[in-house]
Amino acid sequence: MVRLDLDKTGSLALFERAKKVLPGGVNSPVRAFEPYPFFAEKAYGSKIYSVDGASYIDYCMAYGPLIFGHSSEEVLDAIQEQLTKGTLYGTPTEKEVEFAELISKLIPSVEMLRLVNSGTEATMHAIRVARGLTRRKKIVKFEGCFHGSHDYVLVKAGSGAITFGVPISLGIPEDTSRNTIVLPYNNLGVLEDIAEHEGSDIAALIVEPVIGNTGLILPEEGYLKKMRKITSDYGILLIFDEIITGFRLALGGAQEYYDIKPDITTLGKILGGGFPMAAFGGRREIMQHVSPLGKVYQAGTFSGNPISVAAGYATLQNLNKNWNKIYPKLEKAGEEVKKALMDSVSDNHIEAQVNSIVSMFQIFFSPHLVTDYTKAKLSDIRMFHSYFQELLRHGIFVPPSQFETCFLSTAHTEEDLEDTIDAFDGALRNISKVG
Ligand SMILES: Cc1ncc(COP(=O)(O)O)c(C=O)c1O
């Protein structure tokens, strides 16, 4: 039963308190939505429960890490075991080595890696390594790709940066952003052009192989392979930011799915099984430039902390053991949801597109196919907001922005999917009436 007597522990009251001590009442802008976010009390499997007594089937899944759903047993067991032995040592552990060996086995282009605490750290250091190695200044990124919130990449970024209309954050020195070349995604012509004219100054090209931060945008056929070729031709290091796609599109990530070998890979989200954990890695001769072996400096008090390592290792072991059941199951669920959404869009005469791949999906309220940032921005944001609110009323939680993507987990049951499909249909029917 949803509690409506907004007492001091209800979401509205907590939000009022939160706004006084946290900017916008949240600790990450993507969590803010109108009129106020629900505050979570607990979450198990496919469901998240609010402090107001409501429960939701969750497709936000903490923005991607929870491939086994909330409170997965393997992860809880692993961290509980680790907790009895200590939480932080400041010295290496055997588990870290086993974990790194497993990552490298699952993603063979990552011969050597460094564990860090967040995706932001991972991409920042990956770019620093590329610059250190090539002695070039510039980098290329794509409109709508989000690579974390550090200065090198926060230009025309996706996720909260589009949602809240911040194409370039205040506080980034012009000297820094000048070295970041931003190109439209899925456009080989501009990429070829920039490589030809500025290739010798470009250290790295960083890309989300599938963009999960502008809704969901897929690479056109052959696009990534050609990108690989162009970067190789000009000595530009190709960084695949697989912080979302790693272990999600396939056990070996987007690079396995599309059969492409990047020079450097960044990982996060699923890698930590719900705990702060990320990594950057690549070919041995590249990673040998990282301190203390080489002169590219990077360090972190909490890097490779035993709790995150235990959670991440348990997650990857489970994926490694059961991948041949997990990925087909996720793919089947993804197809089911996509088909249901498309049927419902058509039955309710709504102009919308549904993009999906394996266990990621998103709807765009637009008559145009969504293949890049510009097209994504043509979507009807008001309609998305109504859809989001309708879904909440139907007990479904999707990310609150048009410019995020939905995630399925192995914890979503057939019954959850049936309820979700009914909810999608009910939500789309209601918004189609309002027009
Ligand atoms: C593709 C991608 N790269 C990097 C990041 C930054 O990761 P973190 O939030 O752990 O700093 C994100 C976060 O959503 C992401 O989606």
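We count ligands from 1, going down the list as the structure has it; atoms in each ligand are counted the same way. Just so we're clear, the structure is a prediction, and the values are computed from it rather than from any experiment. We count residues from 1, following the sequence as given.
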Do R382 and S386 meet the criterion of a side-chain donor-acceptor pair at a distance under 3.5 Å? no

Exactly one candidate in N320, N318, N324 meets side-chain hydrogen bond (donor to acceptor under 3.5 Å, both in side chains) with N322; the answer is N318

Pocket residues around ligand 1 (non-hydrogen, under 4.0 Å) come out as S118, G119, T120, F146, H147, G148, E208, N213, D241, I243, I244, K269

Would you say the ring centers of F38 and F397 fall short of 6.0 Å from each other? yes

- R114 and Q298: side-chain donor and acceptor closer than 3.5 Å? yes

Are the aromatic rings of H412 and Y59 close, with centres under 6.0 Å apart?
yes

- Should we say atom NZ of K137 is surrounded by more than 12 heavy atoms from elsewhere, each under 6.0 Å from it? no

